[in-house]
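Let me begin by presenting the structure, written as structure tokens, before commenting on it.
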Amino acid sequence: MLKSLKATFLLAFALAGSSASAQGTSQVTILRAAEAERYDPHKVVSRPMTEIAFLLADTLLALDYDQKTVKPLLATSWSASPDGLTYRFTLRDDVRYCDGRPMKAEDVVFSLKRWIAPETRAPLANQAGSVKDIRAEGDTTVVYELNEPHSELLINLTQVSSSIIDRNEVEKLGTDFGVKHFNGTGPFCWVRWLPRNELVLKRNPHYKWGPDFYQNRGPAHVEQIVLKQVPDEGTRMAAMTAGQADLTQYVPRWSIARFESARQFSVVRPATFFSLLYLGFKTDRPMVSDARVRKAMNMAINRDELARTVFFGRSDPAYSYTHPQSTDYNPELEPALSRFNLAEANALLDQAGWSRGADGFRAKDGVRLAPVVVIPAPIMADVAQAIQGSLRQIGVDAKLELLDGAVFFQRAAQQDFEMYGLQQPYLTSGMMMSENFASTAIPIPNRMNWRNAEFDKLVREARSATDPAKREAAYKQAQLIVHKDDVWMPLVHDQAYMIMGPRLAPMKAHGNQAVTLYKALDLRLK
């Protein structure tokens, strides 16, 4: 399969540029590997949704290229009370939705309250903190009151889950919001969505409030973006190299060197990028409820080899759940990390009572050690095959279910499996802990159904800390607890690559929530 993909890729290079000039001069075609089940930033957390929501909607604040500096966006300024309980945001007075309606403070209040409302069932509502009240004072001031301080509130208000949406459209469309239309304040406007085919966006003519780290604050340079869903790797590569598309973030690792060596293409990656590829264990399922079983599976994975072969050296092996360079990372984790050791992995499974049969696979009380593993196919198909082979070395017969992106999240919601695979972007080690492992995050994004009272206590202390040193100390202790329990199987610290065709002018890659394009304000034709 890999040889045939490479052959297609090399043949397409001979055709590169042949149809680049056929496209309209103000249209950019972008290739995607998957799409979302709907484009509702409060209800959906997948990367396919995020990469579109950042174009259609804005947040109060923006995140700079360094992934830590908070900048004005819809809010021009903000202040916090000395006790950390009350924030006041001053809004721009010139923001308009795509339909021309002015955005006012009441729109922000509606959006943020919808985000945290129990009936919304927002997976990342905990990012908002413990909210006492959110209210408007006039048209350009929003007051955000907390029951307790929230040390990460400002950076969370740069994330797509806090997007400001249009109340009128939500009430008009109901369950079709984000399916049939989306009226936002972002640099691009919804034109049409043909599921499993394409999503078309046009330039928001009103837009002029982009963050100051862009050379262009708005409107966008290009008039229209066409986002094509192309699940097949070979087809994506052929389209890019034949000039039938202008940009993609979804390329196989083996092809990056080829793109880098071809003068007609530009390959850029974010200067700062934190994203983990991992498998999560559903810890309340009998087959993986024993921490020894989870540790054994972790120890069966040779991550150095995985990064070198499957990822062609373009990702770093991951033993911890966050990158050592991320804020709040605990360097004392080393003894708790599960390293590659087949002998110890087999010993742990023996201790846990899982015995090898004549076929080499393990069983206990008549039950075969055959965990069901659900995987999003376009992103993790190759790595899943490698993991399956590694687990067979210790007698684990992993049953893979490779699913289309939108189908994957529907399947994941059913909770009927032992393990699942995902790519998890994050900004700090602390945020990774609080958003994914706290018991309050069950069932999403804590799909592991993992609970630990001491961990929850530490996370509450960290989130409510007004002293950065106390926040850091609490998060570091929390990391020790969750790593010792082998709740996840970290695979690689991933890197993003944005491939740009010959029609596009050079620009920087961003990386917020693993999205390289972010607002696309500097996207332009040569």
Side-chain angles (χ1 to χ4, degrees), residues 41 45 47 50-51 53-54 58-80 84 87 89 124 126-129 144 149-163 210-215 217 268-276 316 318 320-331 333 423-437 445 459 462-476 478-479 493-496 498 507-522:
V45 297
R47 185 165 72 173
T50 298
E51 60 191 7
F54 274 140
D58 286 320
T59 47
L60 284 178
L61 308 174
L63 193 65
D64 209 336
Y65 286 101
D66 63 5
Q67 304 298 299
K68 62 181 180 181
T69 303
V70 173
K71 293 277 192 169
L73 186 52
L74 294 178
T76 60
S77 62
W78 55 92
S79 61
Y87 289 78
F89 296 92
L124 295 178
N126 66 332
Q127 285 185 341
Y144 196 117
H150 183 20
S151 60
E152 291 141 0
L153 177 63
L154 294 179
I155 200 167
N156 283 341
L157 292 178
T158 70
Q159 302 297 279
V160 76
S161 55
S162 67
S163 293
D212 64 10
F213 49 78
Y214 282 113
Q215 295 178 15
R217 306 287 295 277
V268 294
R269 67 180 192 178
T272 305
F273 188 81
F274 295 129
S275 185
L276 179 76
D316 298 327
S320 57
Y321 304 160
T322 54
H323 198 282
Q325 294 178 2
S326 62
T327 302
D328 297 328
Y329 179 81
N330 189 353
L333 277 173
Q423 181 179 38
Q424 180 63 54
Y426 59 97
L427 298 176
T428 70
S429 289
M431 290 174 66
M432 178 73 101
M433 295 298 104
S434 63
E435 292 176 10
N436 292 283
F437 298 98
V459 164
R463 284 167 60 92
S464 62
T466 54
D467 181 350
K470 291 183 178 179
R471 182 208 70 228
E472 181 181 0
Y475 274 141
K476 285 184 174 180
Q479 289 171 64
H493 297 298
D494 203 15
Q495 179 57 266
M498 187 164 67
M507 65 176 176
K508 295 169 66 176
H510 198 280
N512 189 5
Q513 292 188 251
V515 175
T516 55
L517 204 53
Y518 195 36
K519 295 296 177 185
L521 287 169
D522 286 341

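Along the sequence shown, residues carry numbers from 1.
- Qualifying side-chain hydrogen bond (donor to acceptor under 3.5 Å, both in side chains) partners for Asp316, counting only residues two or more places apart in sequence or in other chains: none.
- When ring centroids are compared, Phe437 and Tyr321 come within the 6.0 Å threshold.
- Legend: residues meeting salt bridge (Lys or Arg N to Asp or Glu O under 4.0 Å) with Asp212, ordered by chain and number and at least two apart, are Lys71.
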Residues Arg269, Met498; criterion side chain to side chain contact (heavy atoms under 4.5 Å, CB included); working and verdict = CA-CA 6 Å; Arg269 67 180 192 178; Met498 187 164 67; over 6 Å; no

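- Taking the side-chain contact (heavy atoms from CB on, under 4.5 Å) definition, one finds that Thr327 meets it with Thr428, Arg471, sequence neighbours left out.
- Listed by chain and residue number, Arg32 satisfy the salt bridge (Lys or Arg N to Asp or Glu O under 4.0 Å) test with Glu51 (two or more places apart in sequence, or in another chain).
- Qualifying side-chain hydrogen bond (donor to acceptor under 3.5 Å, both in side chains) partners for Gln127, counting only residues two or more places apart in sequence or in other chains: Ser161, Glu435.
- A donor-acceptor contact under 3.5 angstrom links the side chains of Gln159 and Asn512, judged on distance only.
- Remark: Lys476 engages Glu472 in a salt bridge (Lys or Arg N to Asp or Glu O under 4.0 Å) (not counting sequence neighbours).
- Considering all non-hydrogen atoms of both residues, Val268 and Ala509 come closest at CG2-CB, 4.0 Å.
- Considering only residues two or more places apart in sequence or on other chains, Phe213 meets the ring pair (Phe, Tyr, Trp, His ring centres under 6.0 Å) condition with Tyr65, His510.
- Sorted by first then second residue, the salt bridge (charged side-chain N to carboxylate O under 4.0 Å, His left out) pairs that include residues 152-161, not counting sequence neighbours, number zero.
- Judged as a side-chain contact (heavy atoms from CB on, under 4.5 Å), and not counting sequence neighbours, the contacts of Val45 are Pro123, Leu124, Arg447.
- Applying the ring pair (Phe, Tyr, Trp, His ring centres under 6.0 Å) test to Phe54 and every residue at least two apart in sequence or in another chain returns Tyr518.
- Residues satisfying the side-chain hydrogen bond (donor to acceptor under 3.5 Å, both in side chains) test with Ser162, not counting sequence neighbours, are none.
- By the side-chain contact (heavy atoms from CB on, under 4.5 Å) test, Lys470 pairs with Ala465, Asp467, sequence neighbours left out.
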